[in-house]
A.B. asks: 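One structure coming up, written as structure tokens, with questions to follow.
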Amino acid sequence: MLEWLIIGAGIHGCTTAAHLAYADPSLTRDKKLLLIDSEAKPLSAWDRLTERVGMKYLRSPGVHHLHPDARDLFRFAKRNDYDLNHFSGTSRKPSVPLFRRHCAKVLDEMNLMPCFEQASAFHIDRCADGWRIETDQGIFFTRQVVLATGTKEHCQLPSWLPSNGDQRAFHLHQKQEFSSVAHPATVIGGGMSGVQTALELGRRYPSQVTLAIRHPLRVWEYDSAPEWMGGKYKQLCRRVSTFSERRNVISRARRTGSITKNLYRQVRREQNLGHLEVKQEAVQSVAPGTANWLIHGEKTTWEARAILCATGDQYHPSRSPLLARLIDSCRLPLTPCGYPALASHSLAWAEGLYVSGPLADFAIGPTARNISGARTAAACIQQEARHVFI
Ligand SMILES: Cc1cc2nc3c(=O)[nH]c(=O)nc-3n(C[C@H](O)[C@H](O)[C@H](O)COP(=O)(O)OP(=O)(O)OC[C@H]3O[C@@H](n4cnc5c(N)ncnc54)[C@H](O)[C@@H]3O)c2cc1C
């Protein structure tokens, strides 16, 4: 029987795995920990998306990464002669190549690669002494399980987007071939992903790219106010007892659909040079033309050969068949809005069943879904599990 099975080898699953392996190296040495993902390698979705949007630097500071020691990325950069160009701003946001190399180093150092298996989990149930996980590669028994399944399968598709997997109109999170996007292209969405994609395509096809945004560009350095990365949510939870109030706090504190000042400047520069067109109007419908799509906005109509939606996600646990069945069969407690009802800073949804990422919203708060939240969740899971066994 395994000690730990982590479902999802994205940033959240890998961060938890790294924290557990760091605290107890025998877990990986004795193959008591298994990390599974339906993708072929750990961090596949992260690598694909950051490459797809042409991301140069992370939005988060250099102390946010997989390793339990916050200074580890800086030490790694120094040891391997990464110069100052690999950091941006005063919080030293790392470049994407540096962050990727550091992730690979952590997975290697913690001996996690031999503990990874490509497998898709489709059923989870209790069994004597723990949990039984059914996957397309067989059944696993584990004393403890971590759900780190992310949000990528829940992308928010505009109602007008063709549902037939059209290669010329898709959401960034869908797996369509991306290397040869046709142009003229329109990118929809004014958040980090949309803006970075428009800038990246604009470099490839100057004056052939339109960015369609519903609201004026919103500028914030981080995706939630920096104080939420500290203990603010924990303190707040002591005062705000109801889940619905906590949901309001989380929604207000998240700065979804915002971009950094640096990106804002780049958009304005490309716009002034005439390389990028920015239309501030909601897209209402799209019709196929002979070669191009006809895009009907609130004010104007324009053409594009490719449409890329960076319209975020529409996450809800009940939309995942795996989670819906688990909630039902194990009668797991839910908040009024259908998320795991967790105590503040406890990631245990049931005995031996832990969550990270969006499922941890009510324990971690506004930062639950980003790298800072992954670190907080990993540290909590490791601490909570230790107390159970002492
Ligand atoms: C382009 C982009 C840039 C970002 N930049 C930053 C940043 O700079 N800083 C920051 O803090 N945050 C950033 N974020 C936000 C967040 O940190 C990332 O979205 C992060 O990848 C979320 O990690 P995750 O592990 O929750 O999800 P994912 O990366 O989606 O990983 C979940 C994994 O679970 C697997 N899975 C799901 N269901 C199953 C199943 N049933 N069986 C097996 N496997 C399963 C999936 O295949 C997937 O690989 C960024 C997000 C995006 C999209």
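Counting convention: from 1, in listed order, for ligands and their atoms alike. In what follows, every heavy atom counts, from backbone to side chain, and hydrogens, waters and symmetry copies are set aside. Numbers here simply count residues along the sequence, with the first being 1. What you see is a predicted model; the values in this text were computed from it and never measured.
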A.B. asks: Give the numbers and elements of all ligand 1 atoms closer than 4.0 Å to a heavy atom of Ser38.
C.D. replies: 43 (C), 44 (N), 45 (C), 47 (O)

A.B. asks: Looking at ligand 1, does any of its N/O atoms fall within less than 3.5 Å of an N/O of Thr50?
C.D. replies: no

A.B. asks: Does ligand 1 have an atom under 4.0 Å from some heavy atom of Gly150?
C.D. replies: yes

A.B. asks: For atom 50 (C) of ligand 1, what's the nearest protein heavy atom and its distance?
C.D. replies: Trp46 CZ3, 3.8 Å

A.B. asks: Are any of the N or O atoms of Asp37 closer than 3.5 Å to those of ligand 1?
C.D. replies: yes

A.B. asks: Where does the angle between the aromatic ring planes of His65 and His67 fall among parallel (under 30°), tilted (30 to 60°) and perpendicular (over 60°)?
C.D. replies: tilted

A.B. asks: Closest non-hydrogen protein atom to atom 29 (O) of ligand 1, residue and atom name please, with distance?
C.D. replies: Lys152 NZ, 3.6 Å

A.B. asks: In the protein, which heavy atom is nearest to atom 39 (C) of ligand 1, and how far is it?
C.D. replies: Thr149 CG2, 3.8 Å

A.B. asks: For Ser120 and ligand 1, does the shortest N/O to N/O distance drop below 3.5 Å?
C.D. replies: no

A.B. asks: Closest non-hydrogen protein atom to atom 11 (O) of ligand 1, residue and atom name please, with distance?
C.D. replies: Ile371 N, 2.8 Å

A.B. asks: Hey, is ligand 1 close enough to Asp223 that some N/O pair sits below 3.5 Å?
C.D. replies: no

A.B. asks: Applying a strict 4.0 Å limit to heavy atoms, is Ser44 in contact with ligand 1?
C.D. replies: no

A.B. asks: Using distance alone, determine whether Leu322 and ligand 1 share an N or O pair under 3.5 Å.
C.D. replies: no

A.B. asks: With respect to Glu39, determine whether any N or O atom, backbone or side chain, lies less than 3.5 Å from an N or O atom of ligand 1.
C.D. replies: no

A.B. asks: Decide whether an N or O pair under 3.5 Å exists between Ala121 and ligand 1.
C.D. replies: yes

A.B. asks: Tell me: protein heavy atom nearest atom 12 (N) of ligand 1, and distance?
C.D. replies: Asn370 CB, 3.5 Å

A.B. asks: Geometry only, no angles: is Ile36 polar-contacting ligand 1 at N/O separations under 3.5 Å?
C.D. replies: no

A.B. asks: Any heavy-atom pair between the side chains of Thr335 and Arg247 that's under 4.5 Å?
C.D. replies: no

A.B. asks: Counting non-hydrogen protein atoms only, what is the nearest one to atom 52 (C) of ligand 1? Give residue, atom name and distance.
C.D. replies: Ser193 OG, 4.7 Å

A.B. asks: Main chain of Thr242, side chain of Glu245: is a donor-acceptor contact present, judged purely on distance under 3.5 Å?
C.D. replies: no

A.B. asks: Contact between Leu34 and Thr142 at the side-chain level, heavy atoms closer than 4.5 Å - yes or no?
C.D. replies: no

A.B. asks: Considering only non-hydrogen protein atoms, determine which one is nearest to atom 31 (O) of ligand 1 and report residue, atom name and distance to 0.1 Å.
C.D. replies: Gly10 CA, 3.4 Å

A.B. asks: Which option wins on minimum heavy-atom distance to atom 5 (N) of ligand 1: Arg59, His12, Met55, Met192?
C.D. replies: Met55

A.B. asks: Assess whether a salt bridge exists between Asp361 and Arg369, defined as any Lys/Arg side-chain N lying under 4.0 Å from an Asp/Glu carboxylate O.
C.D. replies: yes

A.B. asks: Could you tell me whether a side-chain N or O of Asp328 sits under 3.5 Å from a main-chain N or O of Ala324, the two making a donor and an acceptor?
C.D. replies: no

A.B. asks: Could you tell me whether Lys41 and Asp47 have a side-chain N and a carboxylate O separated by less than 4.0 Å?
C.D. replies: no

A.B. asks: Find out whether the Lys NZ or Arg CZ of Arg101 is both under 6.0 angstrom from the six-membered ring centre of Tyr82 and within 45° of the ring's axis.
C.D. replies: no

A.B. asks: Determine, using heavy atoms of Ala119 and all atoms of ligand 1, whether some pair is separated by less than 4.0 Å.
C.D. replies: yes

A.B. asks: List the closest protein heavy-atom neighbour of atom 20 (C) of ligand 1: residue, atom name, distance to the nearest 0.1 Å.
C.D. replies: Ile11 CG1, 3.9 Å

A.B. asks: Should Arg369 be listed as contacting ligand 1, given a heavy-atom distance under 4.0 Å as the test?
C.D. replies: yes

